[in-house]
Amino acid sequence: SGEIKRFLRDDGMIKVSRSLKELAYKAYLCQERLQEKWGRDPTVAEIAGELGVETEELTQALDASGEIESLHKPIYQ
Amino acid sequence: MEHTNEMQLIFDSRSSNESFARVTVAAFMTSLNPTVEEVSDVKTAVSEAVTNAIIHGYENEIHNIHIRARTEGRTLYLEIEDEGKGIEDVKQAMEPLFTTKPELDRSGMGFSFMEAFMDSLEVMSAPGKGTTVKMEKTIGKGRRLWTTQSL
Amino acid sequence: MEHTNEMQLIFDSRSSNESFARVTVAAFMTSLNPTVEEVSDVKTAVSEAVTNAIIHGYENEIHNIHIRARTEGRTLYLEIEDEGKGIEDVKQAMEPLFTTKPELDRSGMGFSFMEAFMDSLEVMSAPGKGTTVKMEKTIGKGRRLWTTQSL
Ligand SMILES: Nc1ncnc2c1ncn2[C@@H]1O[C@H](COP(=O)(O)OP(=O)(O)O)[C@@H](O)[C@H]1O
Ligand SMILES: Nc1ncnc2c1ncn2[C@@H]1O[C@H](COP(=O)(O)OP(=O)(O)O)[C@@H](O)[C@H]1O
Ligand SMILES: [Mg+2]
Ligand SMILES: [Mg+2]
(Lines give C-alpha, C1' and ligand atoms only; values in the text may rest on other atoms or scores of the structure.)
(Ligands and ions follow the chains in the order given, each with its own letter.)
Protein backbone atom coordinates (compact mmCIF):
# COMPACT_ATOMS: atom_id res chain seq x y z
CA SER A 1 0.00 0.00 0.00
CA GLY A 2 3.05 2.25 0.40
CA GLU A 3 3.49 1.76 -3.32
CA ILE A 4 -0.01 2.97 -4.13
CA LYS A 5 0.28 5.90 -1.78
CA ARG A 6 3.47 7.09 -3.42
CA PHE A 7 1.90 6.82 -6.84
CA LEU A 8 -1.14 8.78 -5.75
CA ARG A 9 1.07 11.45 -4.29
CA ASP A 10 3.31 11.77 -7.34
CA ASP A 11 0.25 11.96 -9.51
CA GLY A 12 -1.10 14.93 -7.59
CA MET A 13 -4.03 12.83 -6.46
CA ILE A 14 -3.63 13.41 -2.78
CA LYS A 15 -6.86 14.67 -1.26
CA VAL A 16 -6.78 18.27 -0.14
CA SER A 17 -8.30 17.31 3.21
CA ARG A 18 -5.26 15.21 4.00
CA SER A 19 -2.80 17.77 2.74
CA LEU A 20 -4.42 20.43 4.95
CA LYS A 21 -4.15 18.14 7.99
CA GLU A 22 -0.46 17.62 7.30
CA LEU A 23 0.04 21.35 6.97
CA ALA A 24 -1.79 21.90 10.27
CA TYR A 25 0.52 19.41 11.97
CA LYS A 26 3.62 21.17 10.62
CA ALA A 27 2.15 24.48 11.74
CA TYR A 28 1.67 23.16 15.25
CA LEU A 29 5.31 22.05 15.49
CA CYS A 30 6.44 25.36 14.02
CA GLN A 31 4.33 27.33 16.48
CA GLU A 32 5.89 25.47 19.43
CA ARG A 33 9.38 26.10 18.07
CA LEU A 34 8.83 29.83 17.48
CA GLN A 35 7.15 30.22 20.85
CA GLU A 36 10.18 28.77 22.57
CA LYS A 37 12.61 30.82 20.49
CA TRP A 38 10.82 34.17 20.81
CA GLY A 39 9.11 33.79 24.17
CA ARG A 40 5.77 34.89 22.73
CA ASP A 41 3.00 33.57 20.49
CA PRO A 42 3.91 33.78 16.81
CA THR A 43 1.21 35.16 14.52
CA VAL A 44 -0.42 33.00 11.86
CA ALA A 45 1.42 35.03 9.22
CA GLU A 46 4.77 34.39 10.91
CA ILE A 47 4.11 30.64 10.97
CA ALA A 48 2.98 30.75 7.33
CA GLY A 49 6.14 32.64 6.40
CA GLU A 50 8.27 30.06 8.17
CA LEU A 51 6.50 27.22 6.33
CA GLY A 52 6.47 29.02 2.99
CA VAL A 53 2.69 28.92 2.54
CA GLU A 54 0.00 31.57 2.17
CA THR A 55 -1.44 32.87 5.43
CA GLU A 56 -5.02 32.32 4.22
CA GLU A 57 -4.22 28.77 3.22
CA LEU A 58 -2.73 28.08 6.63
CA THR A 59 -5.90 29.49 8.16
CA GLN A 60 -7.91 26.93 6.27
CA ALA A 61 -5.55 24.17 7.33
CA LEU A 62 -5.81 25.15 10.98
CA ASP A 63 -9.56 24.72 10.75
CA ALA A 64 -9.24 21.35 9.03
CA SER A 65 -7.24 20.15 12.01
CA GLY A 66 -9.87 20.98 14.57
CA GLU A 67 -8.44 22.11 17.86
CA ILE A 68 -4.75 22.76 17.61
CA GLU A 69 -4.22 20.72 20.79
CA SER A 70 -5.63 17.64 19.13
CA LEU A 71 -2.59 17.76 16.90
CA HIS A 72 -0.62 16.28 19.74
CA LYS A 73 -2.01 13.05 18.39
CA PRO A 74 0.22 12.39 15.41
CA ILE A 75 -1.49 12.35 12.06
CA TYR A 76 1.08 10.02 10.55
CA GLN A 77 0.37 6.40 11.35
CA MET B 1 -2.98 50.57 7.59
CA GLU B 2 -6.05 52.50 8.78
CA HIS B 3 -8.12 51.72 5.71
CA THR B 4 -11.24 49.62 6.08
CA ASN B 5 -11.75 46.36 4.29
CA GLU B 6 -15.18 44.83 3.97
CA MET B 7 -16.83 41.61 2.97
CA GLN B 8 -20.23 40.02 3.08
CA LEU B 9 -20.97 36.32 2.95
CA ILE B 10 -24.37 34.74 2.38
CA PHE B 11 -24.72 30.98 2.69
CA ASP B 12 -27.20 28.16 3.31
CA SER B 13 -28.03 27.37 6.93
CA ARG B 14 -26.59 23.84 6.82
CA SER B 15 -24.46 22.68 9.70
CA SER B 16 -21.91 21.50 7.14
CA ASN B 17 -21.38 25.19 6.27
CA GLU B 18 -20.30 26.08 9.77
CA SER B 19 -16.63 25.38 9.16
CA PHE B 20 -16.84 27.14 5.80
CA ALA B 21 -18.13 30.27 7.54
CA ARG B 22 -15.41 30.00 10.18
CA VAL B 23 -12.62 29.66 7.63
CA THR B 24 -13.95 32.55 5.58
CA VAL B 25 -13.96 34.91 8.55
CA ALA B 26 -10.55 33.64 9.67
CA ALA B 27 -9.09 34.19 6.20
CA PHE B 28 -10.64 37.65 6.05
CA MET B 29 -8.99 38.77 9.30
CA THR B 30 -5.43 37.72 8.35
CA SER B 31 -4.52 41.31 7.45
CA LEU B 32 -4.79 42.11 11.19
CA ASN B 33 -1.89 39.71 11.79
CA PRO B 34 -3.56 37.66 14.56
CA THR B 35 -2.04 34.81 16.54
CA VAL B 36 -3.44 31.30 16.24
CA GLU B 37 -5.23 31.84 19.53
CA GLU B 38 -6.87 35.10 18.44
CA VAL B 39 -8.10 33.42 15.25
CA SER B 40 -9.38 30.52 17.29
CA ASP B 41 -11.32 32.88 19.60
CA VAL B 42 -13.04 34.46 16.60
CA LYS B 43 -13.77 31.07 15.08
CA THR B 44 -15.42 29.89 18.29
CA ALA B 45 -17.63 32.98 18.36
CA VAL B 46 -18.57 32.56 14.68
CA SER B 47 -19.39 28.89 15.25
CA GLU B 48 -21.67 29.65 18.17
CA ALA B 49 -23.53 32.40 16.33
CA VAL B 50 -23.90 30.35 13.14
CA THR B 51 -25.03 27.28 15.07
CA ASN B 52 -27.65 29.41 16.82
CA ALA B 53 -28.93 30.71 13.49
CA ILE B 54 -29.19 27.16 12.13
CA ILE B 55 -30.71 25.45 15.18
CA HIS B 56 -32.72 28.17 16.89
CA GLY B 57 -33.28 30.77 14.16
CA TYR B 58 -34.23 28.49 11.29
CA GLU B 59 -34.85 25.30 13.30
CA ASN B 60 -32.90 23.32 10.71
CA GLU B 61 -34.78 24.60 7.67
CA ILE B 62 -32.45 25.78 4.90
CA HIS B 63 -32.45 29.57 4.52
CA ASN B 64 -29.81 32.28 4.20
CA ILE B 65 -27.34 33.27 6.87
CA HIS B 66 -25.54 36.60 6.36
CA ILE B 67 -22.13 37.46 7.73
CA ARG B 68 -20.82 40.99 7.36
CA ALA B 69 -17.23 41.61 8.37
CA ARG B 70 -15.10 44.73 8.43
CA THR B 71 -11.58 45.44 9.55
CA GLU B 72 -10.64 48.95 10.56
CA GLY B 73 -7.36 49.71 12.24
CA ARG B 74 -6.65 46.68 14.38
CA THR B 75 -10.29 45.82 14.98
CA LEU B 76 -12.52 43.19 13.42
CA TYR B 77 -16.24 44.02 13.32
CA LEU B 78 -18.59 41.11 12.72
CA GLU B 79 -22.34 40.80 12.17
CA ILE B 80 -24.09 37.45 11.86
CA GLU B 81 -27.72 37.63 10.83
CA ASP B 82 -30.61 35.28 10.28
CA GLU B 83 -34.16 36.06 9.25
CA GLY B 84 -35.58 33.32 11.41
CA LYS B 85 -37.67 32.91 14.51
CA GLY B 86 -36.16 35.67 16.60
CA ILE B 87 -35.78 35.84 20.38
CA GLU B 88 -38.58 36.88 22.78
CA ASP B 89 -36.40 37.94 25.69
CA VAL B 90 -32.85 38.75 24.61
CA LYS B 91 -31.62 39.53 28.10
CA GLN B 92 -32.74 36.16 29.39
CA ALA B 93 -31.38 34.36 26.31
CA MET B 94 -27.94 35.82 27.01
CA GLU B 95 -27.81 34.51 30.58
CA PRO B 96 -25.30 31.72 31.12
CA LEU B 97 -26.89 28.26 30.97
CA PHE B 98 -30.21 29.55 29.60
CA THR B 99 -31.41 27.40 26.72
CA THR B 100 -34.78 26.77 25.08
CA LYS B 101 -33.58 23.47 23.64
CA PRO B 102 -32.31 21.39 26.58
CA GLU B 103 -33.47 18.28 24.76
CA LEU B 104 -30.75 18.82 22.16
CA ASP B 105 -28.00 18.82 24.77
CA ARG B 106 -27.50 22.52 24.23
CA SER B 107 -25.35 23.93 26.99
CA GLY B 108 -26.90 27.40 27.03
CA MET B 109 -23.37 28.79 26.93
CA GLY B 110 -23.26 30.05 23.34
CA PHE B 111 -23.72 33.73 24.11
CA SER B 112 -21.42 33.44 27.13
CA PHE B 113 -18.66 32.07 24.87
CA MET B 114 -19.17 34.86 22.33
CA GLU B 115 -18.92 37.36 25.16
CA ALA B 116 -15.79 35.72 26.58
CA PHE B 117 -13.90 35.33 23.33
CA MET B 118 -14.75 38.68 21.75
CA ASP B 119 -14.32 42.23 23.10
CA SER B 120 -17.96 43.14 22.70
CA LEU B 121 -21.27 41.47 21.93
CA GLU B 122 -24.61 42.98 21.03
CA VAL B 123 -27.72 40.98 20.16
CA MET B 124 -30.63 42.50 18.28
CA SER B 125 -33.69 40.38 17.72
CA ALA B 126 -37.39 40.59 17.00
CA PRO B 127 -39.73 37.58 17.23
CA GLY B 128 -40.73 36.46 13.75
CA LYS B 129 -38.21 38.76 12.11
CA GLY B 130 -34.80 37.35 12.96
CA THR B 131 -31.64 37.91 14.92
CA THR B 132 -28.45 39.89 14.39
CA VAL B 133 -25.37 39.30 16.53
CA LYS B 134 -22.76 42.07 16.47
CA MET B 135 -19.28 41.42 17.79
CA GLU B 136 -15.93 43.20 17.84
CA LYS B 137 -12.42 42.10 18.59
CA THR B 138 -9.24 44.14 18.58
CA ILE B 139 -6.23 42.12 17.53
CA GLY B 140 -2.78 42.39 19.09
CA LYS B 141 -3.86 43.91 22.39
CA GLY B 142 -1.05 43.62 24.90
CA ARG B 143 1.36 42.90 22.07
CA ARG B 144 2.16 46.53 21.60
CA LEU B 145 5.38 46.54 23.57
CA TRP B 146 7.15 43.89 21.62
CA THR B 147 5.66 45.04 18.32
CA THR B 148 7.38 48.35 18.84
CA GLN B 149 10.53 46.55 19.83
CA SER B 150 10.64 44.32 16.82
CA LEU B 151 9.99 47.08 14.30
CA MET C 1 -25.43 13.90 -1.89
CA GLU C 2 -27.35 15.46 -4.80
CA HIS C 3 -28.50 18.46 -2.81
CA THR C 4 -27.27 21.88 -3.83
CA ASN C 5 -25.30 24.14 -1.55
CA GLU C 6 -24.93 27.82 -2.29
CA MET C 7 -22.94 30.81 -1.17
CA GLN C 8 -22.34 34.36 -2.23
CA LEU C 9 -19.34 36.47 -1.33
CA ILE C 10 -19.06 40.22 -1.83
CA PHE C 11 -15.73 41.90 -1.17
CA ASP C 12 -13.64 44.98 -1.89
CA SER C 13 -11.62 44.94 -5.12
CA ARG C 14 -8.25 45.12 -3.36
CA SER C 15 -5.48 42.86 -4.63
CA SER C 16 -4.87 41.90 -1.00
CA ASN C 17 -8.31 40.21 -1.09
CA GLU C 18 -7.35 37.91 -3.92
CA SER C 19 -6.02 35.15 -1.71
CA PHE C 20 -9.00 35.60 0.63
CA ALA C 21 -11.36 34.99 -2.30
CA ARG C 22 -9.34 31.97 -3.41
CA VAL C 23 -9.40 30.32 0.01
CA THR C 24 -13.11 31.05 0.49
CA VAL C 25 -13.93 29.21 -2.73
CA ALA C 26 -11.52 26.41 -1.80
CA ALA C 27 -13.16 26.05 1.61
CA PHE C 28 -16.62 26.06 0.00
CA MET C 29 -15.74 23.19 -2.33
CA THR C 30 -14.29 20.87 0.35
CA SER C 31 -17.59 18.95 0.55
CA LEU C 32 -16.76 17.66 -2.95
CA ASN C 33 -13.63 16.05 -1.46
CA PRO C 34 -11.29 17.35 -4.17
CA THR C 35 -7.63 16.52 -4.70
CA VAL C 36 -4.90 19.08 -4.12
CA GLU C 37 -4.62 19.47 -7.86
CA GLU C 38 -8.32 20.06 -8.41
CA VAL C 39 -8.39 22.74 -5.72
CA SER C 40 -5.31 24.34 -7.14
CA ASP C 41 -6.96 24.45 -10.59
CA VAL C 42 -10.00 26.22 -9.17
CA LYS C 43 -7.85 28.62 -7.16
CA THR C 44 -5.91 29.57 -10.29
CA ALA C 45 -9.13 30.27 -12.18
CA VAL C 46 -10.53 32.35 -9.31
CA SER C 47 -7.29 34.34 -9.09
CA GLU C 48 -7.31 35.14 -12.77
CA ALA C 49 -10.95 36.23 -12.77
CA VAL C 50 -10.60 38.31 -9.60
CA THR C 51 -7.39 39.93 -10.85
CA ASN C 52 -9.16 40.85 -14.08
CA ALA C 53 -12.02 42.44 -12.14
CA ILE C 54 -9.55 44.47 -10.04
CA ILE C 55 -7.16 45.55 -12.80
CA HIS C 56 -9.31 45.72 -15.92
CA GLY C 57 -12.87 46.01 -14.58
CA TYR C 58 -12.32 48.57 -11.85
CA GLU C 59 -8.86 49.77 -12.91
CA ASN C 60 -7.73 49.63 -9.27
CA GLU C 61 -10.60 51.66 -7.83
CA ILE C 62 -12.20 50.01 -4.80
CA HIS C 63 -15.65 48.63 -5.59
CA ASN C 64 -17.51 45.37 -4.99
CA ILE C 65 -16.62 42.03 -6.52
CA HIS C 66 -19.27 39.28 -6.29
CA ILE C 67 -18.59 35.58 -6.25
CA ARG C 68 -21.51 33.19 -6.41
CA ALA C 69 -20.75 29.51 -5.94
CA ARG C 70 -22.92 26.44 -5.99
CA THR C 71 -22.21 22.75 -5.67
CA GLU C 72 -24.62 20.28 -7.15
CA GLY C 73 -23.74 16.61 -7.33
CA ARG C 74 -20.02 16.56 -7.99
CA THR C 75 -19.93 19.86 -9.86
CA LEU C 76 -18.83 23.30 -8.72
CA TYR C 77 -20.52 26.24 -10.46
CA LEU C 78 -18.81 29.60 -10.10
CA GLU C 79 -19.71 33.14 -11.13
CA ILE C 80 -17.36 36.07 -10.64
CA GLU C 81 -18.85 39.46 -11.34
CA ASP C 82 -17.76 43.08 -11.41
CA GLU C 83 -19.77 46.18 -12.28
CA GLY C 84 -16.82 47.83 -13.93
CA LYS C 85 -15.68 48.90 -17.35
CA GLY C 86 -16.82 45.85 -19.30
CA ILE C 87 -15.31 44.34 -22.45
CA GLU C 88 -15.93 45.65 -25.98
CA ASP C 89 -15.09 42.46 -27.86
CA VAL C 90 -15.36 39.38 -25.67
CA LYS C 91 -14.26 36.95 -28.37
CA GLN C 92 -11.05 38.88 -28.96
CA ALA C 93 -10.43 39.31 -25.22
CA MET C 94 -10.57 35.55 -24.78
CA GLU C 95 -7.91 34.88 -27.42
CA PRO C 96 -4.61 33.62 -25.97
CA LEU C 97 -2.04 36.40 -25.54
CA PHE C 98 -4.58 39.18 -26.13
CA THR C 99 -4.23 41.94 -23.55
CA THR C 100 -5.21 45.62 -23.41
CA LYS C 101 -2.62 46.30 -20.70
CA PRO C 102 0.73 45.12 -22.12
CA GLU C 103 2.42 47.89 -20.14
CA LEU C 104 1.53 46.09 -16.90
CA ASP C 105 3.31 42.91 -17.97
CA ARG C 106 -0.03 41.19 -18.37
CA SER C 107 0.45 37.93 -20.23
CA GLY C 108 -2.93 37.94 -21.91
CA MET C 109 -3.31 34.33 -20.74
CA GLY C 110 -5.90 34.82 -17.98
CA PHE C 111 -8.92 33.56 -19.91
CA SER C 112 -6.82 30.76 -21.42
CA PHE C 113 -5.89 29.57 -17.93
CA MET C 114 -9.51 29.68 -16.80
CA GLU C 115 -10.46 27.64 -19.83
CA ALA C 116 -7.66 25.14 -19.28
CA PHE C 117 -8.19 24.59 -15.56
CA MET C 118 -11.99 24.51 -15.52
CA ASP C 119 -14.42 22.35 -17.51
CA SER C 120 -16.29 25.28 -18.97
CA LEU C 121 -15.96 29.04 -19.24
CA GLU C 122 -18.48 31.63 -20.32
CA VAL C 123 -17.86 35.38 -20.32
CA MET C 124 -20.72 37.87 -20.36
CA SER C 125 -19.85 41.54 -20.59
CA ALA C 126 -21.27 44.88 -21.59
CA PRO C 127 -19.13 48.04 -21.93
CA GLY C 128 -19.86 50.40 -19.06
CA LYS C 129 -21.92 47.77 -17.23
CA GLY C 130 -19.50 45.10 -16.11
CA THR C 131 -18.37 41.55 -16.61
CA THR C 132 -19.52 38.15 -15.36
CA VAL C 133 -17.35 35.07 -15.73
CA LYS C 134 -19.14 31.72 -15.36
CA MET C 135 -17.14 28.56 -14.83
CA GLU C 136 -17.85 24.93 -13.96
CA LYS C 137 -15.71 22.08 -12.79
CA THR C 138 -16.74 18.53 -12.01
CA ILE C 139 -14.65 17.01 -9.24
CA GLY C 140 -13.40 13.43 -9.28
CA LYS C 141 -13.56 12.89 -13.01
CA GLY C 142 -11.31 10.12 -14.27
CA ARG C 143 -10.38 9.05 -10.80
CA ARG C 144 -13.12 6.50 -10.56
CA LEU C 145 -10.90 3.53 -11.32
CA TRP C 146 -8.46 4.49 -8.65
CA THR C 147 -11.10 5.13 -6.08
CA THR C 148 -12.62 1.73 -6.71
CA GLN C 149 -9.27 0.01 -6.42
CA SER C 150 -8.08 1.68 -3.28
CA LEU C 151 -11.32 1.35 -1.32
N1 LIG D 1 -30.32 33.09 16.14
C2 LIG D 1 -31.24 32.79 17.10
N3 LIG D 1 -32.55 32.72 16.78
C4 LIG D 1 -33.49 32.42 17.72
N5 LIG D 1 -33.18 32.14 19.00
C6 LIG D 1 -31.90 32.19 19.39
C7 LIG D 1 -30.86 32.50 18.46
N8 LIG D 1 -29.68 32.48 19.12
C9 LIG D 1 -29.97 32.18 20.39
N10 LIG D 1 -31.29 32.00 20.56
C11 LIG D 1 -31.99 31.67 21.86
O12 LIG D 1 -31.09 31.96 22.93
C13 LIG D 1 -30.89 30.80 23.71
C14 LIG D 1 -29.48 30.80 24.28
O15 LIG D 1 -28.52 30.67 23.25
P16 LIG D 1 -27.09 30.06 23.58
O17 LIG D 1 -26.48 30.84 24.69
O18 LIG D 1 -26.29 29.94 22.33
O19 LIG D 1 -27.43 28.61 24.16
P20 LIG D 1 -27.90 27.28 23.39
O21 LIG D 1 -27.67 27.47 21.92
O22 LIG D 1 -27.03 26.20 23.95
O23 LIG D 1 -29.35 27.11 23.71
C24 LIG D 1 -31.22 29.63 22.80
O25 LIG D 1 -31.61 28.47 23.52
C26 LIG D 1 -32.36 30.21 21.96
O27 LIG D 1 -33.58 30.16 22.65
N1 LIG E 1 -13.33 41.91 -15.69
C2 LIG E 1 -12.90 42.55 -16.80
N3 LIG E 1 -13.30 43.82 -17.06
C4 LIG E 1 -12.87 44.46 -18.16
N5 LIG E 1 -12.03 43.91 -19.06
C6 LIG E 1 -11.59 42.67 -18.87
C7 LIG E 1 -11.99 41.93 -17.73
N8 LIG E 1 -11.40 40.70 -17.79
C9 LIG E 1 -10.67 40.70 -18.91
N10 LIG E 1 -10.78 41.88 -19.59
C11 LIG E 1 -10.14 42.20 -20.88
O12 LIG E 1 -9.71 41.01 -21.50
C13 LIG E 1 -8.31 41.04 -21.77
C14 LIG E 1 -7.72 39.65 -21.65
O15 LIG E 1 -7.78 39.17 -20.30
P16 LIG E 1 -6.75 38.07 -19.83
O17 LIG E 1 -6.83 36.91 -20.75
O18 LIG E 1 -6.99 37.79 -18.38
O19 LIG E 1 -5.32 38.75 -20.04
P20 LIG E 1 -4.62 39.91 -19.21
O21 LIG E 1 -5.36 40.09 -17.89
O22 LIG E 1 -3.23 39.41 -19.01
O23 LIG E 1 -4.69 41.15 -20.03
C24 LIG E 1 -7.75 42.05 -20.78
O25 LIG E 1 -6.54 42.63 -21.23
C26 LIG E 1 -8.90 43.08 -20.71
O27 LIG E 1 -8.87 43.95 -21.79
MG1 LIG F 1 -25.97 28.26 21.05
MG1 LIG G 1 -5.97 38.58 -16.66
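This structure is a prediction, so every number in the text was calculated from the model and none was measured. Note on naming: letters A, B, ... go to the chains in the order of the sequence lines (proteins, then strands), and numbering restarts at 1 for each one.
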Neighbourhood of chain B inside residues 48-66 of chain C, taking heavy atoms under 4.5 Å as contact: none
Interface residue of largest heavy-atom contact number with chain C, from Ser19(B), Ala27(B), Ala21(B), under 4.5 Å: Ala27(B)
Non-hydrogen side-chain atoms of Leu9(C) and Met7(B) separated by less than 4.5 Å: yes
Can you list everything that forms a side-chain hydrogen bond (donor to acceptor under 3.5 Å, both in side chains) with Thr24(C)? Sequence neighbours excluded, please. none
Could you tell me which residues in residues 10-17 of chain B have at least one non-hydrogen atom under 4.5 Å from a non-hydrogen atom of chain C, sorted by residue number? Ile10(B), Phe11(B), Asp12(B), Arg14(B), Asn17(B)
Would you mind listing every side-chain hydrogen bond (donor to acceptor under 3.5 Å, both in side chains) that reaches into residues 80-91 of chain B, with sequence neighbours excluded? Arg68(B)-Glu81(B)
Pick from Thr30(B), Ile67(B), Asn5(B) with the largest number of heavy-atom pairs that fall under 4.5 Å of chain C: Asn5(B)
